[in-house]
Protein chains: 4
Amino acid sequence: MSKLGFIGLGIMGGPMGLNLIKAGHEVAIWSHSKNKVAALAEKGGIACATPAEVAKHSECTFLCVGNTEMSREVILGQDGLIEGAAEGTLVVDCSTISPSAARRIAAKLAEKGVGFLDAPCTGSKAGAEGASLTFMVGGPKETFEKVRPWFETMGKLLYYCGGIGMGLHAKLSQNMILGSLLQAFNESLVLSTKAGVDPELMLDILNNSAARSGFISIKAPMVFARNFTTNFSVKWLEKDLELMLESAAELNVPAPLTAISKQLLQAAIAKGYGEDDICGSIRVLEDITGTTVAARPKE
Amino acid sequence: MSKLGFIGLGIMGGPMGLNLIKAGHEVAIWSHSKNKVAALAEKGGIACATPAEVAKHSECTFLCVGNTEMSREVILGQDGLIEGAAEGTLVVDCSTISPSAARRIAAKLAEKGVGFLDAPCTGSKAGAEGASLTFMVGGPKETFEKVRPWFETMGKLLYYCGGIGMGLHAKLSQNMILGSLLQAFNESLVLSTKAGVDPELMLDILNNSAARSGFISIKAPMVFARNFTTNFSVKWLEKDLELMLESAAELNVPAPLTAISKQLLQAAIAKGYGEDDICGSIRVLEDITGTTVAARPKE
Amino acid sequence: MSKLGFIGLGIMGGPMGLNLIKAGHEVAIWSHSKNKVAALAEKGGIACATPAEVAKHSECTFLCVGNTEMSREVILGQDGLIEGAAEGTLVVDCSTISPSAARRIAAKLAEKGVGFLDAPCTGSKAGAEGASLTFMVGGPKETFEKVRPWFETMGKLLYYCGGIGMGLHAKLSQNMILGSLLQAFNESLVLSTKAGVDPELMLDILNNSAARSGFISIKAPMVFARNFTTNFSVKWLEKDLELMLESAAELNVPAPLTAISKQLLQAAIAKGYGEDDICGSIRVLEDITGTTVAARPKE
Amino acid sequence: MSKLGFIGLGIMGGPMGLNLIKAGHEVAIWSHSKNKVAALAEKGGIACATPAEVAKHSECTFLCVGNTEMSREVILGQDGLIEGAAEGTLVVDCSTISPSAARRIAAKLAEKGVGFLDAPCTGSKAGAEGASLTFMVGGPKETFEKVRPWFETMGKLLYYCGGIGMGLHAKLSQNMILGSLLQAFNESLVLSTKAGVDPELMLDILNNSAARSGFISIKAPMVFARNFTTNFSVKWLEKDLELMLESAAELNVPAPLTAISKQLLQAAIAKGYGEDDICGSIRVLEDITGTTVAARPKE
Ligand SMILES: NC(=O)C1=CN([C@@H]2O[C@H](COP(=O)(O)OP(=O)(O)OC[C@H]3O[C@@H](n4cnc5c(N)ncnc54)[C@H](OP(=O)(O)O)[C@@H]3O)[C@@H](O)[C@H]2O)C=CC1
Ligand SMILES: NC(=O)C1=CN([C@@H]2O[C@H](COP(=O)(O)OP(=O)(O)OC[C@H]3O[C@@H](n4cnc5c(N)ncnc54)[C@H](OP(=O)(O)O)[C@@H]3O)[C@@H](O)[C@H]2O)C=CC1
Ligand SMILES: NC(=O)C1=CN([C@@H]2O[C@H](COP(=O)(O)OP(=O)(O)OC[C@H]3O[C@@H](n4cnc5c(N)ncnc54)[C@H](OP(=O)(O)O)[C@@H]3O)[C@@H](O)[C@H]2O)C=CC1
């Protein structure tokens with residue numbers, strides 16, 4: 001069994017850390033909210049006072065925090081991982097953050113002899129709980145191989161994508177598609193519903209068409225049931241699109257559709273839906289058009 | 001066996017008409033290009049000189065032409081179906097056209113006692129050839145039931161969507177999603193490729209993610225092989241988005257994403273890619289960024 | 001003095017027709033709303049029962065109606081101008097309609113020996129009342145010269161733009177800029193106001209900057225005073241952008257900004273602001289963001 | 001006469017610094033490119049080896065560098081202004097940078113007792129040379145009053161906009177309008193030219209219409225003459241729109257038009273036009289559509 005660390009015990013990080021513990025590892029933990037640390041400590045985690053303390057304990061520390069700023073703070077900031085990490089240990093960042101920031105962070109860690117992988121994941125809450133996440137990983141191949149067994153404790157599919165930042169590029173490209181698919185779904189369903197097509201019939205048709213997609217199959221029924229309980233929040237998708245647009249700007253790739261999708265997520269945030277599940281964003285267009293995409297009462 | 005008609009023997013209409021013939025029906029045919037009529041006549045179709053002549057022969061005439069204008073011309077124009085159709089016969093329009101135009105056409109036919117269904121389909125060339133199309137149908141329920149066996153000769157899934165125009169609304173809503181999904185795919189793949197991610201790896205990841213979709217699974221390999229042979233042309237998707245935007249305007253539903261996707265298809269048309277398959281539209285962004293989303297040579 | 005006709009006595013057409021009457025011409029009039037005809041008849045217009053009757057009376061009939069459909073109906077429909085117009089007479093369409101529709105209408109009139117000019121105008125309500133409109137004219141140069149004196153009774157600036165439809169192209173290109181300028185203004189002012197900049201100071205700065213523009217100088221004070229009394233309605237600007245997008249599609253020119261601006265006007269219409277002045281469209285963004293771009297109370 | 005400093009001797013900063021020198025002040029100078037320092041030293045500037053050295057000499061140091069990153073580096077970085085600036089001296093940043101970054105920079109300087117104003121300007125190269133710039137200023141009112149005479153040496157119009165960052169908000173709001181106006185102009189002129197309207201006639205019409213604007217009057221003739229010599233570069237306008245979008249995201253204001261305009265500038269940069277004048281961005285659309293918006297040869 002290994003001495004590991006886990007930082008950031010949110011929707012994703014909580015169950016991920018728990019799966020490492022269940023597999024028998026000694027897992028040092030820290031999170032921004034003390035109560036989350038306490039809760040996981042009860043299930044076998046070793047509560048630490050700072051990220052530095054977590055690193056001191058661990059040969060490999062995973063983290064899954066909200067955004068680039070938090071990631072930088074937890075790794076390089078005061079009492080950050082870098083202060084406690086011994087030479088030869090590893091930091092594996094499972095947060096979805098900026099690829100170029102990841103490269104800068106890795107460089108700082110390298111100066112101290114600490115290895116780094118970017119390993120963003122997909123699979124949402126259910127995947128984190130069921131240990132069926134997909135990881136997209138960037139960094140040295142041999143580091144990847146070393147971490148592989150721990151990844152396999154938390155997930156099922158592993159993609160090695162290339163050098164540092166490439167896991168993030170792969171992950172963000174995926175959410176770039178998701179972001180516009182979400183908005184296309186919103187426009188399409190509000191329009192067909194207003195035109196008079198039964199939303200459930202429309203979904204049935206979509207599920208049997210070239211426009212079928214994992215996202216729509218899963219999210220549409222939640223919309224019809226007006227259930228916007230958060231699996232993946234509007235604010236985090238908005239953040240991912242922003243990261244994607246930054247990458248696009250760095251690489252000089254115009255991305256007009258992504259840009260519009262991001263603005264529409266911003267409208268959802270402005271309306272107060274930022275913490276809700278991404279499928280709740282449909283309410284912006286519903287509000288403007290006076291339509292509700294809900295299941296029709298059955299006779 | 002029945003006396004049927006088929007008008008418009010293009011990518012879709014040709015194999016659809018052939019399937020009716022193969023099923024043993026007497027099928028009168030007409031198309032804008034004489035050579036297509038001749039070709040199908042050799043396989044058992046009854047060549048006619050005008051749409052009116054087709055209608056005279058048929059208890060039910062199907063059509064699958066390019067756009068609203070052609071549909072109106074073939075049905076209501078000079079030598080159109082309306083001139084030959086007897087009271088009590090039917091016209092079933094499988095073209096993807098404007099829902100409100102379909103309602104106007106149906107009203108004109110009704111004045112002469114001729115029934116009408118809008119029955120746009122999906123499944124593309126392969127579906128038309130393999131008789132596995134999906135039809136989305138609008139019009140009186142009893143007319144739909146009458147036509148059902150013939151639909152079943154050409155397709156597998158039938159959706160009855162409501163009154164006249166509702167089949168088109170359901171179909172167009174689907175292509176609305178497809179249109180933005182296509183452009184999101186274009187942006188995502190150009191960006192990830194430029195960032196250094198292997199396109200085939202990226203597709204593998206997408207196929208195992210929440211962003212997986214029928215469209216991407218099928219089209220991405222064609223892009224990687226630089227095969228833009230037309231299954232569904234850029235110009236027809238552009239037309240479908242235009243129809244959708246017209247419906248959206250009639251119903252006062254803002255659709256910014258669809259609007260942008262349509263403009264980007266227009267850019268593809270301006271660059272000369274209008275007759276190519278929709279997946280060929282990626283070249284606009286490739287040209288601007290100097291990137292090619294192609295399979296990497298395998299060792 | 002001449003025998004003229006005027007069709008369409010709305011915000012623009014009413015005062016335009018009156019100026020022709022005041023100049024001493026015998027002006028036959030017709031409008032969709034009978035009460036408007038009666039009102040102008042009291043000031044000297046000759047009330048007619050149909051457009052055809054107006055044309056019978058007139059050597060040149062002007063029209064200024066809402067959109068392409070109305071224009072086609074009034075000219076080519078039942079009891080339309082074409083039924084009453086003698087060979088050698090003229091039809092001058094001052095409505096903002098589709099350039100290609102104008103070409104089709106002109107061709108139909110030409111078959112009967114009736115001349116045609118497209119002569120859309122700018123200058124809004126005040127320009128129509130004050131006879132200071134600008135006309136952009138398309139059609140044969142000699143027809144333009146013949147109509148010139150009557151144009152000069154209604155306006156001050158005349159631009160001869162080329163063959164039929166070119167006046168419309170020139171006019172619509174102008175509104176294309178206006179449409180995006182309006183939306184840019186909306187975004188800019190909502191943002192600066194939310195950031196804390198005094199709207200009136202912001203306007204002062206804009207008026208002295210490279211971003212200064214006729215539109216902003218005139219409309220901003222109306223927004224600050226929350227005065228959305230219609231000079232040019234949201235719904236007509238939306239229509240103009242639609243016409244522009246149709247032209248752009250015909251000519252294969254992608255116009256993404258115009259497309260988005262049009263969708264945002266559609267949102268304003270969906271919210272019930274369609275009949276208000278275009279500057280009232282800012283309320284869509286104000287509603288979403290909880291900001292009001294109003295003058296601050298002065299001490 | 002005062003002891004002043006000037007950092008950043010580019011298109012704007014060069015002539016601004018020269019005007020301070022001409023007015024008789026002792027001006028210490030530094031710029032990233034040594035040759036620019038040497039050139040201005042010949043005209044009376046005092047060449048320094050680092051920004052810190054400039055600050056040591058000066059009661060007030062102005063800077064006008066390219067972007068937020070450069071500004072932070074020159075002020076807070078190694079050998080930055082902060083290292084040389086004595087308590088009670090001032091830093092006045094005339095660069096167009098992020099308002100929230102400006103607030104963070106000001107806070108750091110304040111810890112050392114150094115005052116700060118954000119004072120972005122407009123007027124472009126000609127305004128900088130002719131000392132007719134407009135300054136929009138944020139910061140304490142009394143600091144503004146102290147700096148006023150030096151501003152008046154470089155510009156004509158001064159706007160006091162409020163606390164730190166408010167000058168930048170006012171400036172960026174202006175460029176937000178400019179950015180979309182530019183793209184609207186591009187779309188409009190490419191379309192009207194392709195439709196057959198003479199570009200110079202079109203400009204004449206625009207200049208006499210509600211869509212007239214300072215920007216179009218000045219830039220259109222440059223486009224017609226195919227003169228894209230840089231007054232204000234595509235890459236700096238793209239940066240300004242990015243800053244605006246960041247502010248919009250911070251304040252939760254959706255700005256779809258600005259987002260699209262920014263992507264289109266990115267396309268121009270991808271095509272290699274980033275260093276050219278903003279009016280050169282029209283070539284993206286010209287390339288796609290095969291149109292050139294040039295003056296027609298005169299007979
Ligand atoms: N939910 C999903 O479906 C998926 C999410 N992701 C990505 O995973 C990451 C986490 O998302 P998710 O778990 O959903 O989000 P949550 O909001 O549940 O978790 C956010 C995490 O960030 C931590 N955090 C918040 N503020 C700070 C701070 N100032 N310093 C350090 N840490 C802080 C939180 O700690 P605490 O809770 O202790 O306050 C928490 O652990 C994000 O990057 C997201 O994009 C990736 C794939 C799917
Ligand atoms: N391809 C696809 O994947 C799908 C297509 N569709 C829809 O089906 C319809 C047909 O598409 P598809 O078969 O791909 O396109 P094609 O371009 O192959 O066919 C167009 C048809 O329109 C006919 N046509 C062209 N001009 C005229 C005219 N002036 N008057 C009358 N008929 C005319 C053509 O006749 P001729 O060939 O004899 O000249 C041909 O039959 C479209 O509405 C399309 O949107 C729907 C689902 C999938
Ligand atoms: N041009 C215009 O019309 C207007 C421009 N502005 C704004 O003014 C600012 C300057 O623009 P402009 O003069 O046109 O642009 P230039 O590109 O001509 O000038 C850029 C300036 O930044 C300096 N610089 C470049 N790299 C660095 C670095 N790594 N560290 C420090 N300084 C660096 C340059 O120094 P060096 O040249 O010595 O290498 C130069 O002084 C920008 O923020 C712009 O947005 C505002 C209003 C109008």
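Keep in mind it's a predicted model, so treat the numbers as computed, not measured. So that the names make sense, note that chain A is the first sequence line, chain B the second, and so on, each numbered from 1.
The choice from D:I218, D:T258, D:L189 that makes the most heavy-atom pairs within less than 4.5 Å of chain C is D:T258. When each of D:G138, D:A195, D:G165 is checked for heavy-atom pairs under 4.5 Å with chain C, D:A195 comes out on top. Ranked by non-hydrogen atom pairs under 4.5 Å with chain C, the options D:G196, D:G162, D:P254 are led by D:P254. Taking C:G163, C:S213, C:G123, C:S217 one by one and counting their heavy-atom pairs under 4.5 Å with chain D, the maximum is reached by C:S213. Interface summary for chain D: among C:S192, C:A255, C:S180, the most heavy-atom pairs under 4.5 angstrom belong to C:A255. Interface remark: of the candidates C:I260, C:L178, C:L191, C:L191 forms the most heavy-atom pairs closer than 4.5 Å to chain D. The choice from D:L157, D:N175, D:D204, D:T122 that makes the most heavy-atom pairs within less than 4.5 Å of chain C is D:D204. Between chain D and the options C:N252, C:L201, C:V190, C:N186, the largest number of non-hydrogen pairs under 4.5 Å is found for C:L201. Top candidate by heavy-atom pairs under 4.5 Å with chain D, chosen from C:I205, C:L182, C:N208, is C:I205.
With a 4.5 Å cut-off on non-hydrogen atoms, C:M136 touches chain D through its side chain but not through its backbone. Contacts between C:Y160 and chain D at a heavy-atom distance below 4.5 Å involve the backbone alone (N, CA, C, O). C:I216 touches chain D through its side chain: at least one heavy atom from C-beta onward sits under 4.5 Å away, while N, CA, C and O do not. Heavy-atom distances place the side chain of C:T134, and not its backbone, under 4.5 Å from chain D. Heavy atoms of D:L285 lying under 4.5 Å from chain C belong exclusively to its side chain. Residue D:I177 touches chain C through both its backbone and its side chain, counting heavy-atom pairs closer than 4.5 Å. If you measure heavy-atom distances from C:F215 to chain D, the contacts under 4.5 Å come from both the backbone and the side chain. Contact of C:L264 with chain D is made through the side chain alone, with heavy-atom distances under 4.5 Å. Contact of C:L181 with chain D is made through the side chain alone, with heavy-atom distances under 4.5 Å. Within the 4.5 angstrom heavy-atom criterion, only side-chain atoms of C:I288, from C-beta onward, approach chain D. The parts of D:L257 that come within reach of chain C are both its backbone and its side chain, each placing non-hydrogen atoms under 4.5 angstrom from that chain. Residue contact with chain C, scored on non-hydrogen atoms closer than 4.5 Å, is absent for D:D198.
Between D:R283 and D:D276 there is a salt bridge, with a side-chain nitrogen of the basic residue lying less than 4.0 Å from a carboxylate oxygen of the acidic one. A salt bridge is defined here as a Lys NZ or Arg NE, NH1 or NH2 lying under 4.0 Å from an Asp or Glu carboxylate O, and C:E200 with C:R296 fails to meet this definition. By the 4.0 Å N-to-carboxylate-O rule, D:E145 lies close enough to D:R148 to be salt-bridged with it.
No donor-acceptor pair under 3.5 Å is formed between the side chain of C:E238 and the backbone N or O of C:I269. No donor-acceptor pair closer than 3.5 Å links the side chain of C:S188 to the backbone N or O of C:F185. Of the possible polar contacts, none joining the D:N231 side chain to the D:K125 backbone as a donor-acceptor pair under 3.5 Å is found.
Looking only at side-chain heavy atoms (C-beta outward), D:C161 and D:H169 stay at 4.5 Å or farther from each other.
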Practice problem: Please assess C:D277 against C:T229 for the test side-chain hydrogen bond (donor to acceptor under 3.5 Å, both in side chains), listing each intermediate value before the final yes or no. | Solution: CA-CA 6 Å; C:D277 192 76; C:T229 314; over 6 Å; no
Quiz prompt | From CA spacing to verdict: side chain to side chain contact (heavy atoms under 4.5 Å, CB included), C:M16, C:C94 | solution = CA-CA 10 Å; C:M16 289 164 79; C:C94 300; 4.0 Å; yes
Exercise. Mind running side chain to side chain contact (heavy atoms under 4.5 Å, CB included) on D:N227 and D:M222 for me, showing each step along the way?
Key: CA-CA 5 Å; D:N227 175 358; D:M222 295 183 62; 4.2 Å; yes
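D:T291 and D:T193 are not linked by any side-chain donor-acceptor pair at a separation below 3.5 angstrom, with hydrogens and angles left out of the test. Defined by atom type and a distance below 3.5 Å, a donor-acceptor pair is missing between the side-chain atoms of D:S98 and D:E246. Residues C:S100 and C:E250 have side chains that bring a donor and an acceptor to within less than 3.5 angstrom of each other.
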